[in-house]
Amino acid sequence: MKLVIQRVTNAKVEVDNKITGEIKEGLMVLVGFGLNDTTREVDYLASKLVKLRIFEDENEKMNLSIRDIGGKLLLVPQFTLYGRTKKNRPSFHKALNPTKASELFDYFVGICSKDVPVETGVFGAFMNVSLLNNGPVTILLEKEFD
């Protein structure tokens with residue numbers, strides 16, 4: 001499982017010119033699943049995500065989590081995070097099949113929603129994502145259990 005996390009001032013996802021998810025201060029997270037991912041990876045990274053201290057405190061140190069600032073998550077499914085670029089045309093054979101990935105994405109949204117407000121993109125849809133990265137701060141989290 002891979003997460004690309006961006007600290008944002010605002011972000012939104014549109015599908016067919018309709019906003020499906022929109023947040024102000026918070027984290028916009030691209031979410032991808034690999035072939036061997038299960039709820040174990042999801043549980044681990046969901047816990048890590050909501051505790052990740054990448055917001056500044058009163059001393060301008062990254063010491064606050066999304067929970068601490070009362071921020072929101074915008075979770076966007078992104079199978080292309082598993083694109084292999086050995087050749088010029090990306091290969092996605094390391095990405096989890098769409099049925100299982102959709103189930104894990106829904107599970108991930110549910111777990112994260114227990115701690116912070118969550119907005120989402122639409123699994124399998126063509127999405128336009130816009131954001132204003134705050135910092136800029138971009139973090140990559142990955143987890144694969146053997």
Side-chain angles (χ1 to χ4, degrees), residues 1-85 90 92 94-146:
M1 184 173 174
K2 295 181 183 183
L3 304 178
V4 176
I5 303 160
Q6 295 189 61
R7 187 177 76 183
V8 299
T9 301
N10 59 66
K12 69 179 177 180
V13 177
E14 293 180 75
V15 175
D16 296 328
N17 295 316
K18 295 182 179 119
I19 297 172
T20 63
E22 184 171 25
I23 64 170
K24 299 295 181 197
E25 186 177 31
L27 300 174
M28 196 286 299
V29 184
L30 302 176
V31 182
F33 300 98
L35 288 175
N36 298 317
D37 287 337
T38 66
T39 56
R40 186 175 177 201
E41 286 81 8
V42 173
D43 290 339
Y44 177 86
L45 286 180
S47 176
K48 188 87 170 165
L49 177 63
V50 299
K51 294 176 189 171
L52 193 63
R53 298 184 312 169
I54 59 173
F55 292 91
E56 293 180 354
D57 64 14
E58 65 278 356
N59 297 314
E60 298 182 353
K61 301 288 183 199
M62 281 197 239
N63 204 28
L64 301 174
S65 71
I66 191 152
R67 293 187 301 191
D68 297 330
I69 65 149
K72 292 184 178 181
L73 293 174
L74 176 58
L75 303 178
V76 180
Q78 182 78 35
F79 82 96
T80 61
L81 293 179
Y82 277 87
R84 304 271 301 192
T85 56
F92 301 104
K94 297 278 186 177
L96 188 61
N97 77 61
T99 301
K100 291 180 181 176
S102 178
E103 291 170 5
L104 284 182
F105 182 73
D106 291 343
Y107 180 76
F108 185 63
V109 170
I111 295 295
C112 291
S113 296
K114 293 177 181 177
D115 284 313
V116 295
V118 174
E119 297 277 327
T120 70
V122 177
F123 195 95
F126 182 87
M127 297 174 274
N128 289 313
V129 180
S130 60
L131 62 106
L132 181 57
N133 191 312
N134 181 334
V137 174
T138 302
I139 305 286
L140 175 64
L141 287 181
E142 297 180 78
K143 187 64 179 173
E144 288 185 23
F145 290 107
D146 295 326

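Looking at residues two or more places apart in sequence or on another chain, you find a side chain to side chain donor-acceptor pair (under 3.5 Å) between R53 and N63. With sequence neighbours excluded, no residue satisfies side chain to side chain donor-acceptor pair (under 3.5 Å) with Y44.
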* Passes side chain to side chain contact (heavy atoms under 4.5 Å, CB included), V31 versus M1? Steps please. -> CA-CA 8 Å; V31 182; M1 184 173 174; 4.0 Å; yes

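Using a 4.5 Å heavy-atom threshold, the side chains of K12 and M28 count as separate.
To the nearest 0.5 Å, atom CG of residue L141 and atom CD of residue E41 are 13.5 Å apart. Here the CG-NZ distance, from D37 to K100, works out to 11.5 Å after rounding to the nearest 0.5 Å. Once rounded to the nearest 0.5 Å, the distance linking CZ of F108 with OG1 of T39 reads 13.0 Å. To the nearest 0.5 Å, atoms CD (E144) and OG1 (T38) are separated by 11.0 Å. Within the model, atoms CZ of F33 and CZ of F79 stand 14.0 Å from one another, a figure rounded to the nearest 0.5 Å. Atom CG of residue N10 and atom NZ of residue K72 lie 12.5 Å apart, to the nearest 0.5 angstrom.
Here the closest heavy-atom approach between residue P77 and residue L75 is recorded as CD-O, 4.0 Å. Between F92 and T80 the shortest heavy-atom distance is CE2-CA, 3.6 Å. Pairing each heavy atom of L49 with each of C112, the nearest pair is CD2-SG, 4.2 Å. Across all non-hydrogen atoms, the minimal contact from A46 to I111 is CB-CG2, 3.4 Å. Listed here is the closest heavy atom pair of L96 and L104: CD2-CD1, 3.7 Å. Annotation for L35 and A95: closest pair CD2-O, 3.3 Å, computed over non-hydrogen atoms.
Screening L74, L52, I54, V8 against L27 for a side-chain contact (heavy atoms from CB on, under 4.5 Å) leaves a single residue, I54.
More than 12 heavy atoms of other residues, nucleotides or ligands sit less than 6.0 Å from atom CG of D106. Around CG of N97, the count of heavy atoms belonging to other residues, nucleotides or ligands within 6.0 Å exceeds 12. Residue K2 qualifies as enclosed at atom NZ: its count of foreign heavy atoms under 6.0 Å is above 12.
S65 contributes a side-chain N or O that, together with a main-chain N or O of D68, makes up a donor-acceptor pair within less than 3.5 Å. Not a single donor-acceptor pair under 3.5 Å links the side chain of N59 to the backbone N or O of K61.
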Review item, side-chain donor-acceptor pairs of residues 114-134, under 3.5 Å, at least two apart:
unit_1	atom_1	unit_2	atom_2	d
N133	OD1	V137	N	2.8
N133	ND2	Q6	OE1	2.8
N133	ND2	T138	OG1	3.2
N134	OD1	R7	NH2	3.3

